[in-house]
2 protein chains.
Amino acid sequence: MGTVGKALDLLDLFTHQQPQMGLSALARAAGLNKATCHRLLTEMESRGLVEQAGPAREYRLGPAVLRLAALRESAVPTRDAAMPVLRRLADATGETAHLSHLVAGRLQTLAFAYSAHHGIKVTMEDADFLPFHATASGAAVLAFLPEAEAARILATLPAPAVVRERMDHCRQHGWAETVSTFEKDVHGTAVPLFDTAGTCTGALAVAAAAPRMTPALHATITAELARAGAEITALRGGQVPAPLARLWQIPA
Amino acid sequence: MGTVGKALDLLDLFTHQQPQMGLSALARAAGLNKATCHRLLTEMESRGLVEQAGPAREYRLGPAVLRLAALRESAVPTRDAAMPVLRRLADATGETAHLSHLVAGRLQTLAFAYSAHHGIKVTMEDADFLPFHATASGAAVLAFLPEAEAARILATLPAPAVVRERMDHCRQHGWAETVSTFEKDVHGTAVPLFDTAGTCTGALAVAAAAPRMTPALHATITAELARAGAEITALRGGQVPAPLARLWQIPA
DNA sequence: TTGATCGGTTCATTATTTGAACCGTTGGTT
DNA sequence: AACCAACGGTTCAAATAATGAACCGATCAA
């Protein structure tokens with residue numbers, strides 16, 4: 001792995017739980033020498049990608065990332081364009097809707113919307129990674145990924161057989177499902193999303209409170225998901241594969 | 001300059017005007033060998049920081065930057081926290097308000113808010129860089145930067161003497177001003193912002209349509225800017241320097 | 001056909017990265 | 001007060017990774 005990769009890996013160490021860390025902690029977590037880590041960090045700091053905060057000189061993500069994100073959204077309005085659809089999906093189902101993207105082999109939460117209908121709802125955090133083995137989104141994405149890439153990811157999962165079942169189900173019905181796997185009492189349903197080349201790039205999901213689930217609600221969720229999934233894919237100029245388009249009952 | 005710096009410099013080549021570029025164009029613009037450029041790009045692509053789009057395989061910013069930005073805002077809510085203040089400032093003055101941040105020696109637009117009062121307003125774009133020599137924000141930031149850093153930046157400007165005058169004005173009155181320098185018929189007024197250490201980190205500005213400017217409007221703008229500047233600095237736990245706090249008529 | 005440019009690759013040369021040991025500080029314990 | 005451990009940061013010879021001229025096949029225009 002090159003130097004740049006090591007530097008970028010450092011950025012992945014920052015999480016919601018630990019948004020800033022000291023030099024030694026970062027070096028330890030990344031498996032780097034302290035001196036190496038320091039050089040990478042100062043180099044990134046000089047471009048504003050990270051910055052040092054407080055008297056302890058801890059490092060955290062810098063303001064330059066905001067510019068990059070604004071530029072990305074302006075060039076490819078993935079998030080902003082999907083937000084209205086996401087909100088309507090949350091409203092129509094009365095549950096929490098969320099959007100995720102496949103980035104470098106991981107499923108990254110991009111956006112979410114809560115419904116106002118219920119006091120109890122599934123809460124989410126932005127910028128987290130979803131585990132492929134325990135989410136409907138993961139199964140939906142894997143189901144429509146090129147076999148080679150799907151296999152590569154499946155090989156890293158604890159229970160590939162179970163996930164394969166969910167993938168088959170998704171290919172047959174047009175949506176994937178998990179019940180109380182990611183979090184207890186959360187009923188997840190998801191559909192895949194596609195880019196212009198017809199490649200699966202992410203998923204759209206509804207996370208419902210399991211105790212509330214009824215056949216009627218379930219029917220609403222799958223129908224709304226198909227509609228919203230087709231809409232977001234269309235917004236991006238994406239191509240839904242023909243078999244899936246039939247299941248979703250939309251024009252190819 | 002290290003390898004990481006070169007890679008990160010590539011990211012700065014993407015702009016609103018040119019959100020995606022081919023390999024050769026990037027190499028040329030960055031002054032890199034094509035092979036070197038390619039290696040850096042593929043390394044960044046593997047982490048999702050850039051991606052390739054379309055049949056021409058042009059490169060553009062990738063989805064990973066969205067995660068980084070969301071994480072940054074969650075840890076240090078610079079933009080989100082300031083938005084309400086920015087909107088109130090635009091409403092109170094009837095003009096365009098914007099917020100900028102000093103990042104790696106450049107002034108980066110972070111956010112802006114339009115007023116609904118007038119049909120004609122100064123329009124802005126996010127994620128652009130403001131020139132120090134032609135904006136009130138630039139003068140305001142330079143006026144309260146450590147002398148060494150200010151001098152370093154001033155040395156790169158076309159007309160440092162004029163900018164020094166604006167800086168002096170800002171130190172005396174608490175706000176900086178430019179008329180028709182950045183764009184014709186735009187009257188800019190700005191105040192500096194500070195972090196916890198009392199270091200100047202950015203500026204808050206109002207860009208007004210020059211023909212509309214009256215002594216009364218001008219008084220409103222400077223008063224509202226002082227209020228809003230103090231508020232944003234306070235929101236961040238920042239320290240306004242004592243002399244400036246007196247000018248703004250706020251508690252030290 | 002020719003020629004120019006594109007994205008991408010190769011590999012000997014070269015320059016950069018690397019990491020053990022070091023420094024000065026800080027903060028808690030004895 | 002003395003001690004110790006951990007912190008952020010620096011040094012420099014040794015080792016590794018970055019570099020770039022030349023090259024490939026493809027595309028496009030003349």
Side-chain angles (χ1 to χ4, degrees), chain A residues 1-14 17-62 75-76 104 146 148-149 195-197 199, chain B residues 1-14 17-62 75-76 104 146 148-149 195-197 199:
Chain A
M1 182 203 323
T3 326
V4 176
K6 286 174 199 163
L8 299 184
D9 281 347
L10 282 174
L11 297 180
D12 272 347
L13 297 176
F14 298 104
Q17 288 72 40
Q18 211 165 16
Q20 47 187 29
M21 320 174 62
L23 171 62
S24 297
L26 279 164
R28 234 187 332 256
L32 291 173
N33 183 284
K34 226 174 24 165
T36 303
C37 190
H38 179 254
R39 191 171 38 77
L40 297 177
L41 284 168
T42 45
E43 206 149 359
M44 290 196 284
E45 188 186 15
S46 77
R47 315 291 149 119
L49 227 68
V50 300
E51 68 180 10
Q52 284 186 282
R57 295 185 193 288
E58 287 194 311
Y59 293 89
R60 66 182 180 202
L61 291 171
V76 193
E149 202 175 341
D195 67 8
T196 48
T199 311
Chain B
M1 184 203 321
T3 325
V4 176
K6 285 173 198 163
L8 299 184
D9 281 347
L10 283 174
L11 297 180
D12 272 346
L13 297 176
F14 298 104
Q17 288 72 40
Q18 212 164 16
Q20 48 187 28
M21 320 174 62
L23 171 63
S24 297
L26 278 165
R28 232 183 340 249
L32 290 173
N33 183 284
K34 225 175 24 164
T36 303
C37 190
H38 180 254
R39 190 171 38 78
L40 297 178
L41 284 168
T42 45
E43 206 148 1
M44 289 197 284
E45 189 187 13
S46 78
R47 315 292 149 120
L49 226 66
V50 300
E51 69 180 8
Q52 282 185 286
R57 295 186 192 286
E58 287 194 310
Y59 292 90
R60 67 182 179 200
L61 291 171
V76 192
E149 202 175 342
D195 67 8
T196 47
T199 311

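So that the names make sense, note that chain A is the first sequence line, chain B the second, and so on, each numbered from 1.
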Side-chain touch A:M44/A:L11, heavy atoms, less than 4.5 angstrom: yes
Close side-chain approach of B:L8 and B:D12, heavy atoms under 4.5 Å: no
Closest nucleotide among D:dG9, D:dC7, C:dG7 to the A:R28 side chain: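 For A:R28, the side-chain atoms sit closest to D:dC7.
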B:L40/B:L32 under side-chain contact (heavy atoms from CB on, under 4.5 Å): CA gap, chis, key distance, verdict: CA-CA 10 Å; B:L40 297 178; B:L32 290 173; 3.9 Å; yes
For the student: nearest non-hydrogen atoms of B:P19 and A:A75, plus distance: CB-CB, 3.5 Å
Value in whole Å for how far the P atom of D:dC7 lies from CG of A:L41: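 Nearest whole value for this atom pair: 15 Å.
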Residue pairs fulfilling side-chain hydrogen bond (donor to acceptor under 3.5 Å, both in side chains) with at least one residue in residues 42-59 of chain B, sequence neighbours excluded: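 Of all non-adjacent pairs touching residues 42-59 of chain B, those that pass side-chain hydrogen bond (donor to acceptor under 3.5 Å, both in side chains) are A:D9-B:R47, A:R72-B:E51, B:E51-B:R60, B:Q52-B:Y59.
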Exercise answer: donor-acceptor pairs, residues 20-28 of chain B side-chain atoms, under 3.5 Å, sequence neighbours excluded:
none

Footprint string (nucleotides 16-24 of chain C, 5' to 3'): B base within contact, S backbone only, - free, heavy atoms under 4.0 Å: SSBBB----
Rounded (10°) bend between the five-pair end axes of the helix from C:dT1-D:dA30 to C:dT30-D:dA1: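 Nearest ten degrees gives 30° for this helix.
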DNA chain D-proximal residues of residues 46-61 of chain B, any heavy atom under 4.0 Å: none
Below 4.0 Å: OP1/OP2 of D:dG8 and any side-chain N or O of A:H38: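 No.
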Pairwise distance NZ(A:K34) to OG1(A:T36) - rounded to 0.5 angstrom: 11.5 Å
Residues that B:A197 engages under side chain to side chain contact (heavy atoms under 4.5 Å, CB included), provided they are two or more places apart: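 By the side chain to side chain contact (heavy atoms under 4.5 Å, CB included) rule, B:A197 matches B:D195, B:T199.
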